[in-house]
Amino acid sequence: MRLFHTKETAGKSFSKFDLLKFFNEQVWAVQYNEPDEYFNKRIDTVTFIIKNQPLDEQFDIGKTIVTVWLFEGEVIGGSSYPISKDNDVGGAPPSLDGKTPEEIQGDYQKWLEGWQEKYEG
């Protein structure tokens with residue numbers, strides 16, 4: 001992989017309430033772990049623009065934006081997003097390795113219903 005750009009951002013944290021926000025549901029759907037052990041704890045993020053990632057050629061530009069989540073210096077997750085020369089990419093972000101929520105969670109609708117049930121209360 002080739003690194004083109006990097007940006008470190010301030011840490012963020014998630015409460016149970018935050019997990020029910022649409023964007024947060026989408027990014028957690030492409031994680032391989034559950035958020036429970038990270039509630040109200042600082043998660044740092046680092047964003048890279050890279051080349052030679054599975055999503056590179058999806059929109060003919062050959063680069064991908066990757067955001068890595070770090071907890072106490074360890075990678076705990078993140079997401080990736082293809083860069084489009086026409087800026088026409090939409091929808092939920094894939095996982096760090098380019099997988100969709102369905103590839104990670106299976107039946108997305110069933111996963112979402114369980115997620116909402118678990119974190120509403």
Side-chain angles (χ1 to χ4, degrees):
M1 248 179 260
R2 185 170 170 209
L3 178 66
F4 285 92
H5 175 77
T6 183
K7 176 185 174 188
E8 197 165 336
T9 59
K12 60 182 172 182
S13 64
F14 295 96
S15 68
K16 269 182 126 175
F17 175 77
D18 293 325
L19 296 177
L20 294 173
K21 294 178 182 173
F22 183 69
F23 179 75
N24 292 333
E25 287 175 344
Q26 289 184 324
V27 295
W28 279 100
V30 294
Q31 306 311 310
Y32 292 96
N33 52 7
E34 295 291 320
D36 301 43
E37 68 184 278
Y38 307 108
F39 283 152
N40 301 313
K41 295 179 182 173
R42 179 184 163 135
I43 297 174
D44 294 311
T45 61
V46 181
T47 300
F48 303 92
I49 295 177
I50 61 172
K51 189 173 178 81
N52 296 329
Q53 201 264 3
L55 297 173
D56 282 0
E57 302 308 320
Q58 192 169 355
F59 289 89
D60 300 322
I61 205 157
K63 293 180 188 170
T64 300
I65 295 174
V66 175
T67 300
V68 177
W69 294 0
L70 301 163
F71 178 70
E72 297 180 350
E74 297 290 322
V75 175
I76 62 163
S79 60
S80 57
Y81 218 70
I83 297 175
S84 165
K85 63 183 173 185
D86 297 324
N87 201 24
D88 58 352
V89 180
S95 67
L96 281 176
D97 54 0
K99 294 188 177 175
T100 66
E102 292 79 10
E103 291 174 298
I104 295 173
Q105 305 299 341
D107 181 337
Y108 178 73
Q109 191 59 42
K110 184 176 179 180
W111 174 86
L112 183 59
E113 289 168 5
W115 176 271
Q116 291 172 339
E117 183 178 308
K118 180 177 181 179
Y119 294 113
E120 279 179 352

Visitor: So that I know where these two stand, are Phe71 and Tyr38 an aromatic pair - ring centroids less than 6.0 Å apart?
Guide: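 Yes, they do, as the ring centres are separated by less than 6.0 Å.
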Visitor: Judged by atom type as modelled, is there a donor-acceptor pair below 3.5 Å linking the side chain of Trp115 to the main-chain atoms of Lys110?
Guide: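 Absent.
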Visitor: Taking the side chain as everything from C-beta on, heavy atoms only, tell me whether Leu19 gets closer than 4.5 Å to Glu25.
Guide: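 Sidechains of Glu25 and Leu19: no contact.
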Visitor: Counting C-beta onward and ignoring hydrogens, is there a side-chain heavy-atom pair between Phe14 and Pro35 closer than 4.5 Å?
Guide: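 Heavy-atom side-chain distance check fails, nothing below 4.5 Å.
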Visitor: Tell me whether Gln31 contacts the main-chain N or O of Gly78 through its side chain, where contact means a donor paired with an acceptor under 3.5 Å.
Guide: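 Confirmed, Gln31 side chain pairs with Gly78 backbone.
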Visitor: Are Val46 and Val30 co-members of a hydrophobic cluster defined by side-chain heavy atoms under 4.5 Å apart?
Guide: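 Hydrophobic grouping puts Val30 apart from Val46.
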Visitor: Taking the six-membered ring for Trp and the single ring otherwise, decide whether the centroids of Trp28 and Phe23 are under 6.0 Å apart.
Guide: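 Centroid distance Trp28-Phe23: not below 6.0 Å, so no.
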Visitor: Applying side-chain hydrogen bond (donor to acceptor under 3.5 Å, both in side chains), run through Thr67 and Thr45 and close with a yes or a no.
Guide: CA-CA 6 Å; Thr67 300; Thr45 61; over 6 Å; no
Visitor: Cluster question for you: counting only ILVMFWY and a side-chain heavy-atom cut-off of under 4.5 Å, with indirect links fine, are Phe39 and Val27 together?
Guide: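 Phe39 and Val27: one cluster.
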Visitor: Is any NZ, NE, NH1 or NH2 atom of the basic residue among Lys16 and Asp36 found under 4.0 Å from an Asp or Glu carboxylate oxygen of the other?
Guide: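 Looking at Asp36 together with Lys16, the answer is no, because their closest N to O distance does not fall below 4.0 Å.
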Visitor: Can you tell me how far the CD atom of Gln109 sits from the CD atom of Glu102, to the nearest 0.5 Å?
Guide: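 Between Gln109 CD and Glu102 CD, I get 10.0 Å after rounding to 0.5 Å.
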Visitor: With a 3.5 Å cut-off and no angle check, do the side chains of Thr64 and Ser80 form a donor-acceptor pair?
Guide: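 Side-chain D/A pair, Thr64 to Ser80: absent.
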Visitor: Closest approach of Gly77 and Leu96, non-hydrogen atoms and distance?
Guide: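 Gly77 and Leu96 have their closest heavy atoms at O-CD1, 3.5 Å.
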Visitor: Say whether Asn24 and Tyr119, considering side chains only, have a donor N or O and an acceptor N or O under 3.5 Å apart.
Guide: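 No, no side-chain donor-acceptor pair sits under 3.5 Å.
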Visitor: Are any of the side-chain heavy atoms of Glu74 and Leu70 separated by less than 4.5 Å?
Guide: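 A side-chain contact is absent here, since even the closest heavy-atom pair is not under 4.5 Å.
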Visitor: Quick one, Glu117 and Glu113 - any side-chain contact, counting heavy atoms below 4.5 Å?
Guide: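 No, every pair of side-chain atoms sits at 4.5 Å or beyond.
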Visitor: May I ask whether Val75 and Phe48 are part of the same hydrophobic cluster, defined by side-chain heavy atoms of I, L, V, M, F, W, Y residues being less than 4.5 angstrom apart, directly or through others?
Guide: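 Cluster IDs for Val75 and Phe48 match.
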Visitor: Is Lys41 reaching over with its side chain to a backbone N or O of Glu37, donor-acceptor style, under 3.5 angstrom?
Guide: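 Yes: the side chain of Lys41 pairs with the backbone of Glu37.
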Visitor: Roughly how far, to the nearest 0.5 Å, is the CG atom of Asp18 from the CG atom of Asn40?
Guide: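 One gets 8.0 Å once the value is rounded to the nearest 0.5 Å.
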Visitor: Can you find a pair of side-chain heavy atoms, one from Lys12 and one from Trp69, that are under 4.5 Å apart?
Guide: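 Of all side-chain heavy-atom pairs linking Trp69 with Lys12, at least one is under 4.5 Å.
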Visitor: Between Gln105 and Trp111, is there a donor-acceptor pair closer than 3.5 Å when you use the side chain of the first and the backbone of the second?
Guide: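 Here the side-chain-to-backbone pair does not exist.
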Visitor: So if you build clusters from Ile, Leu, Val, Met, Phe, Trp, Tyr with side-chain heavy-atom gaps below 4.5 Å, do Leu20 and Ile43 land together?
Guide: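 Yes, because Leu20 and Ile43 connect within a single hydrophobic cluster, where side-chain heavy atoms sit under 4.5 Å apart.
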Visitor: If the threshold is 4.0 Å, N to carboxylate O, is there a salt bridge linking Glu34 and Lys118?
Guide: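 Result for this pair is yes, salt bridge flagged.
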Visitor: Could you tell me whether the side chain of Asn33 and the main chain of Ile76 form a donor-acceptor pair under 3.5 Å?
Guide: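 Checking the backbone N and O of Ile76 against the side chain of Asn33, a donor-acceptor pair under 3.5 Å is found.
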Visitor: Can you see which heavy atom on Asp44 is nearest to which on Arg42, and at what distance?
Guide: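 Nearest pair, atom of Asp44 first, then Arg42: OD1-NE, 2.5 Å.
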